[in-house]
Amino acid sequence: MSWLSGSRNSAQRSGIITVLDVGSSKVCCIIAKLLPLEGSRALRHRTHRIKVIGIGHQKSQGVKSGVIVDLEKAENAIRLAVDAAERMAGITVDSLIVNVSAGRLKSESASATIRLGGHEATQSDIDRVLAAGARQALKAEREVVHSLAVGFSLDVEKGIRDPRGMVGDTLGVDMHVLTADAVPLRNLELCINRSHLTVERLVATPYASGLAALVDDEAEMGAACIDMGGGSTTISVFMDGKFVHADALPIGGNHVTMDLARGLSTRLEDAERLKVMHASALPATADDRDIVAIQPMGTDESEQPLQVPRAVMTRIVRARIEETLEMVRDRLNQSGYGSMVGRRIVLTGGASQLAGLPEAARRLLGRNVRLGRPLGVAGLPEAAKGPAFAAPIGLLIYPQVADFESRGSKGGIFTRATGTGGRFQRVSQWLRESF
């Protein structure tokens with residue numbers, strides 16, 4: 001498959017991009033066409049319209065808290081999801097942009113300077129200073145997932161957003177470098193390679209979710225995006241329109257399901273159904289009167305189900321949700337960005353759809369909270385327009401915002417899994433040139 005369809009000199013160039021979201025509860029593959037946008041209609045960071053032409057998703061297997069735990073099962077789920085998207089789009093996929101939430105994601109700050117000698121700053125100068133900053137963050141058994149420029153400086157002038165074409169003696173950069181353990185990343189790449197596919201780029205789940213769900217003003221003034229998935233909860237912080245911090249917790253919606261299954265002594269699939277249909281993160285006055293029928297584990301289907309007050313379920317769910325939100329609050333405060341986020345939190349991910357969760361988060365985090373849905377994408381089926389699909393939609397947006405990121409084509413800055421220097425770099429170049 002080629003990123004480009006048609007000639008590079010065509011007036012209406014369009015590109016095909018494929019993304020894969022490997023989560024603990026679902027595996028989702030989306031194939032989309034990027035079409036040039038008129039400047040007056042473009043959102044910030046959006047140079048192209050995104051039109052989905054193929055989508056496939058499967059129940060995740062062999063993945064726990066974002067980590068591959070069974071290669072064969074995970075490979076099978078990936079194959080089925082990609083095959084469904086290929087059939088719908090009518091094209092064959094050979095490479096993808098993939099999200100990553102495993103590997104103990106950790107944010108660090110780095111800075112670097114290079115000599116310009118009074119000449120204009122060029123793209124190669126920017127690449128050199130970004131590579132120098134990214135090298136500082138490399139540690140044993142850790143790999144750089146993102147090394148993003150937060151701000152540039154020329155001599156003593158700070159806060160420069162784009163130094164290209166400006167003159168000075170010294171070009172400096174302040175960077176946000178996101179690293180992860182190498183082994184989970186390599187196993188994710190191996191699993192995708194076994195499906196006869198290649199990884200073009202790994203993108204952190206919190207970054208992708210923030211790109212999809214935050215509106216321009218939120219990213220500019222300061223906001224946090226909390227992606228509550230099945231096996232993990234990730235946090236991203238945006239300031240001045242930049243991705244400045246990320247964190248991950250190995251706890252998610254599947255833990256709520258497990259608590260219900262244990263507390264009510266029922267099967268996992270019944271516990272999941274009860275969570276979706278009846279559970280709430282907030283108590284209600286009618287909970288003691290509302291009775292829910294529960295099929296006990298190991299009993300005959302013909303036996304009478306147990307009658308349990310809904311209040312019992314609510315107590316089990318509340319305990320886990322409050323624990324998760326308290327951990328998120330503590331991580332935000334420890335990051336140093338707690339005060340900068342202001343009063344804005346956006347919730348994404350499948351687990352964020354639990355009834356009463358925004359209100360519980362508002363009370364525990366002490367901030368305004370809203371559910372985030374993917375913005376500005378055409379062709380999505382109705383089922384894919386909710387918070388659960390924020391991460392894969394963010395992966396579609398990512399190539400349009402990857403301008404000031406160290407590409408690592410020389411010197412091995414990025415893990416082998418990222419596949420930089422291939423089609424991803426070509427599509428980024430094409431995106432910059434085609435508007």
Side-chain angles (χ1 to χ4, degrees), residues 3 15-19 21 30 32-37 39 41-51 96-100 107 123 126-127 130 133-134 144-152 160-164 173-178 200-225 227 234 236-246 346 348 372 374-377 390-408 414 418-420 423-435:
W3 285 109
I16 302 291
I17 189 168
T18 308
V19 302
D21 173 14
I30 300 179
K33 184 174 282 191
L34 301 183
L35 304 166
L37 252 185
R41 293 175 52 203
L43 295 167
R44 187 175 58 80
H45 292 327
R46 307 287 184 93
T47 56
H48 288 69
R49 279 188 299 122
I50 300 171
K51 184 180 180 185
L96 331 104
I97 297 174
V98 185
N99 72 323
V100 58
S107 283
Q123 185 63 50
I126 290 171
D127 289 344
L130 289 173
V144 174
V145 182
H146 295 290
S147 54
L148 298 143
V150 175
F152 292 94
I160 293 170
R161 294 203 173 190
D162 186 351
R164 287 177 292 197
V173 65
D174 291 319
M175 297 180 68
H176 168 213
V177 182
L178 186 63
E200 279 295 338
R201 188 72 176 84
L202 290 176
V203 178
T205 300
Y207 187 18
S209 297
L211 287 176
L214 292 180
V215 299
D216 294 352
D217 286 346
E218 286 172 334
E220 199 66 38
M221 293 188 295
C225 179
D227 188 274
T234 60
S236 58
V237 177
F238 286 73
M239 276 285 298
D240 297 325
K242 307 281 188 183
F243 173 47
V244 295
H245 180 77
V346 178
T348 60
L375 304 168
V377 178
I393 298 304
L395 295 178
L396 292 173
I397 298 165
Y398 174 76
Q400 302 176 57
V401 303
D403 254 6
F404 292 128
E405 178 157 5
S406 176
R407 290 170 176 78
F414 284 114
T418 58
T420 48
R423 287 192 182 88
F424 178 78
Q425 262 189 283
R426 293 202 293 276
V427 79
S428 294
Q429 180 72 18
W430 166 78
L431 284 167
R432 287 194 294 275
E433 291 173 355
S434 65
F435 71 96

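These numbers were taken from a predicted model, which means no experiment stands behind them.
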With side chain to side chain contact (heavy atoms under 4.5 Å, CB included) as the criterion, how do L130 and S147 come out once you've worked through the C-alpha distance, each side chain's angles and the decisive distance to 0.1 Å? CA-CA 7 Å; L130 289 173; S147 54; 5.7 Å; no
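- When all heavy atoms are compared, the tightest approach of R164 to Q123 is NH1-OE1, 2.9 Å.
- Atoms NE2 and OH, on H245 and Y207 in that order, are 15.5 Å from each other to the nearest 0.5 Å.
- For L202 against H146, the heavy-atom pair with the smallest separation is O-CE1, 4.0 Å.
- Here L96 contributes atom CG and I30 contributes atom CD1; the two are 12.0 Å apart, rounded to the nearest 0.5 Å.
- Taken to the nearest 0.5 Å, the CG atom of L214 stands 12.0 Å off from the CD atom of E220.
- Residues passing the side-chain hydrogen bond (donor to acceptor under 3.5 Å, both in side chains) test with N99 are D21, T205, sequence neighbours excluded.
- Here D174 contributes atom CG and K242 contributes atom NZ; the two are 11.5 Å apart, rounded to the nearest 0.5 Å.
- Nearest heavy atom pair, residue P206 against residue A246, reads CG-CB, 4.0 Å.
- Pairing each heavy atom of A204 with each of V145, the nearest pair is N-CG1, 4.1 Å.
- Atom CG of L148 sits about 8.0 Å away from atom CG of L178, to the nearest 0.5 Å.
- Once rounded to the nearest 0.5 Å, the distance linking CG of L34 with CD of Q400 reads 6.0 Å.
- For V150, the side chain to side chain contact (heavy atoms under 4.5 Å, CB included) partners two or more places apart in sequence, or in a different chain, are H176, V244.
- Applying the side-chain hydrogen bond (donor to acceptor under 3.5 Å, both in side chains) rule to S236 yields no partners; only residues at least two apart in sequence or on another chain are considered.
- Contacts of F238 classified as ring pair (Phe, Tyr, Trp, His ring centres under 6.0 Å), with partners at least two apart in sequence or in another chain: F243.
- When every heavy atom of A390 is checked against every heavy atom of A212, the shortest pair comes out as O-CB, 3.2 Å.
- Closest heavy-atom contact between L395 and I97: CD1-O, 3.9 Å.
- With C225 as the partner, the side-chain contact (heavy atoms from CB on, under 4.5 Å) test is satisfied by one option alone out of T234, V237, L211, T348: T348.
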